[in-house]
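This report concerns only the one structure given below.
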Amino acid sequence: MNIITIVGARPQFIKAAALSAALASYPAVRERLLHTGQHFDDNMSGLFFRELGIPAPAWNLGLGSGTQGGMTGRQLAAIEQVLIAERPDAVLLYGDTNSTLAGALAAAKLQIPVAHVEAGLRSFNRRMPEEINRVLTDHVSHWLFAPTESAVHNLQREGIAAAQVHSVGDVMFDAALHFAGIARARSLRHPVFAVVATRPFVLATVHRAENTDASERLRVIVHALKALAGGIDVVWPLHPRTRKALASLGLAVESTAGLHCIEPLGYLDMIEMEQAAQMVVTDSGGVQKESFFFGRPCVTLRDETEWVELVDAGWNRLAPPTCVAAVTAAFHAALGSAGVPVRPYGDGDAAQRIASTLLRRAD
Ligand code: UD1
Ligand code: UDP
């Protein structure tokens with residue numbers, strides 16, 4: 001079975017690390033990676049391939065940046081050329097980025113079966129580019145690999161045939177379990193570990209367009225994090241989108257005592273930071289789940305989340321960044337809290353389950 005896997009953004013490299021390793025254990029599978037180039041800085045892309053042992057991409061299209069339609073369109077045209085030349089048996093896609101949608105459209109129009117990992121997630125907010133990407137991708141996919149029961153229900157509600165939906169668990173859980181030990185065993189770490197080694201700290205990440213491209217929301221986030229840093233250190237690895245948005249609004253973050261703004265971390269540093277933190281503050285999908293995997297309370301700076309089970313279980317609190325006092329109250333409520341024990345993301349064998357389903361080639 002000849003598979004082309006399309007990746008482009010940071011979280012997709014991590015998901016691919018789990019599934020590519022599982023696929024490699026099947027001699028009948030030949031998987032090659034196509035990197036769209038959506039993320040391109042070394043600490044957003046190359047570092048993940050080196051650290052996580054992901055096979056080097058067979059193609060790198062170098063198509064990052066630009067408008068939503070511009071990026072997706074350029075990727076679509078270039079992916080189509082590769083798929084016409086290669087005619088794989090399946091195209092494998094992750095998540096909800098522009099690279100995901102471009103790959104889905106290119107493959108479906110060439111009648112190449114699409115496998116979608118992380119199918120069925122919904123925010124029910126069509127202002128998010130990711131919601132459009134994931135709904136459209138699901139509806140042209142042949143295999144839909146749902147990470148949670150709520151994702152399965154969403155797909156049922158949208159009329160997708162039950163035989164195409166596979167409830168397998170979350171490959172990010174597989175990755176976190178696998179790499180946590182590898183991260184612990186390393187000798188070299190980011191210098192920020194030394195800064196917070198003997199102090200409690202909070203780990204923050206922010207990158208969603210709805211927060212970075214809305215100046216009022218970004219201002220609320222900055223003020224709330226600065227206020228928090230007055231009482232407990234805050235480590236904030238800045239996504240390039242966020243760094244640019246802060247600079248264009250003239251929002252200074254570097255000189256605040258206790259607020260440590262750093263470059264994006266590699267995955268191994270990141271999951272160790274998550275384990276060491278007292279609390280996680282984020283608008284990331286992946287980071288919401290990882291804070292739960294490592295038993296850390298999380299505050300999510302969004303109006304809604306696709307990972308509803310963590311809010312229900314008390315591990316995650318939604319704090320829309322519209323009012324500094326409300327966000328600050330959420331921080332204080334979350335610090336020191338814990339949710340109830342739940343296991344919504346499978347048993348850490350999602351990648352194996354996906355690989356064996358693909359190999360059965362159900363149709
Ligand atoms: C994208 C995904 C989002 C995902 C996130 C993971 C879409 C619509 N969004 O958002 O779902 O959660 O990736 O991190 O696909 N940039 C750099 N260097 C890089 C990468 C990006 O400078 O290595 C800059 C780009 O030039 C662009 C901005 O960051 O100006 C945003 O990048 P983009 O890939 O469009 O969106 P993300 O916010 O990263
Ligand atoms: N991540 C990382 N370094 C960072 C921030 C995040 O390695 O500085 C990892 C994080 O541990 C998680 C993934 O990137 O595995 C989440 O990706 P991101 O937040 O970019 O996107 P999302 O999950 O929201 O789509």
Side-chain angles (χ1 to χ4, degrees), residues 6-18 35-48 51-52 62-72 74-75 93-103 118 121 123 127-134 136-137 147 170-176 179-180 183 190 192 203-213 235-245 247-248 261-275 277 280-291 293-294 296 300-302 305-307:
I6 296 175
V7 293
R10 172 168 68 187
Q12 296 170 327
F13 310 140
I14 296 156
K15 294 164 198 172
H35 189 329
T36 63
Q38 179 167 346
H39 286 176
F40 46 86
D41 293 342
D42 187 64
N43 58 21
M44 296 291 290
S45 175
L47 173 61
F48 291 81
E51 260 195 353
L52 308 184
L63 296 173
S65 304
T67 60
Q68 293 292 322
M71 184 199 294
T72 312
R74 285 180 291 129
Q75 292 176 352
L93 303 168
Y94 295 100
D96 52 21
T97 71
N98 291 343
S99 302
T100 313
L101 178 61
E118 224 177 60
L121 294 182
S123 64
R127 284 165 307 169
M128 292 178 74
E130 292 87 353
E131 183 77 354
I132 295 166
N133 293 343
R134 55 172 91 101
L136 295 177
T137 300
D170 188 353
V171 290
M172 289 204 90
F173 186 37
D174 299 20
F179 287 108
H190 191 282
V192 77
L203 178 65
T205 80
V206 175
H207 76 277
R208 292 272 155 208
E210 71 211 41
N211 287 335
T212 56
D213 297 3
V235 176
W236 188 4
L238 287 175
H239 189 288
R241 173 192 280 279
T242 313
R243 190 176 281 284
K244 283 181 197 170
S248 79
C261 291
I262 56 174
E263 290 298 306
L265 289 170
Y267 179 70
L268 300 181
D269 279 333
M270 185 67 185
I271 58 175
E272 277 207 288
M273 274 272 138
E274 289 167 345
Q275 290 169 76
V280 173
V281 175
T282 194
D283 60 8
S284 157
V287 176
Q288 284 174 60
K289 286 177 292 168
E290 286 162 354
S291 55
F293 299 155
F294 300 124
R296 295 290 170 264
T300 295
L301 300 167
R302 288 184 51 195
T305 179
E306 300 76 19
W307 306 100

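All ligand and atom numbering here is 1-based and tracks the order in the structure. Predicted model, so just to flag it, every value in this text is computed and none were measured.
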Could you check whether E130 pairs with R208 (Lys NZ or Arg NE/NH1/NH2 to Asp/Glu carboxylate O, under 4.0 Å)?
yes
Applying side chain to side chain donor-acceptor pair (under 3.5 Å), name anything that partners D213, two or more places apart in sequence or on another chain.
R241
Pair Q12-T100, side-chain donor/acceptor within less than 3.5 Å:
yes
Anything under 30° is parallel, anything over 60° is perpendicular, the rest tilted; go ahead and classify F173 against F293.
tilted
Please identify each residue that fulfils side chain to side chain donor-acceptor pair (under 3.5 Å) with T282, with sequence neighbours left out.
T205
Partner of H35 by ring-ring contact (aromatic ring centres under 6.0 Å, His included), out of F13, F48, F40
F13
Side chain to side chain donor-acceptor pair (under 3.5 Å) with N133: which of T72, N98, T97, D96?
N98
Any idea which residues sit under 4.0 Å from ligand 2, heavy-atom distances?
R10, P11, I14, F48, M172, H207, R208, P237, P264, L265, G266, Y267, M270, E274, S284, G285, G286, V287, E290
For the pair R302 and E210, find out whether any cationic side-chain nitrogen is under 4.0 Å from an anionic carboxylate oxygen.
yes
Any donor-acceptor N/O pair, Q275 side chain to I271 backbone, under 3.5 Å
yes
Heavy atoms under 4.0 Å from ligand 1: which residues qualify?
A9, P11, Q38, H39, F40, D41, M44, S65, Q68, M71, D96, T97, N98, P129, E130, H207, R208, H239, P240, R241, K244
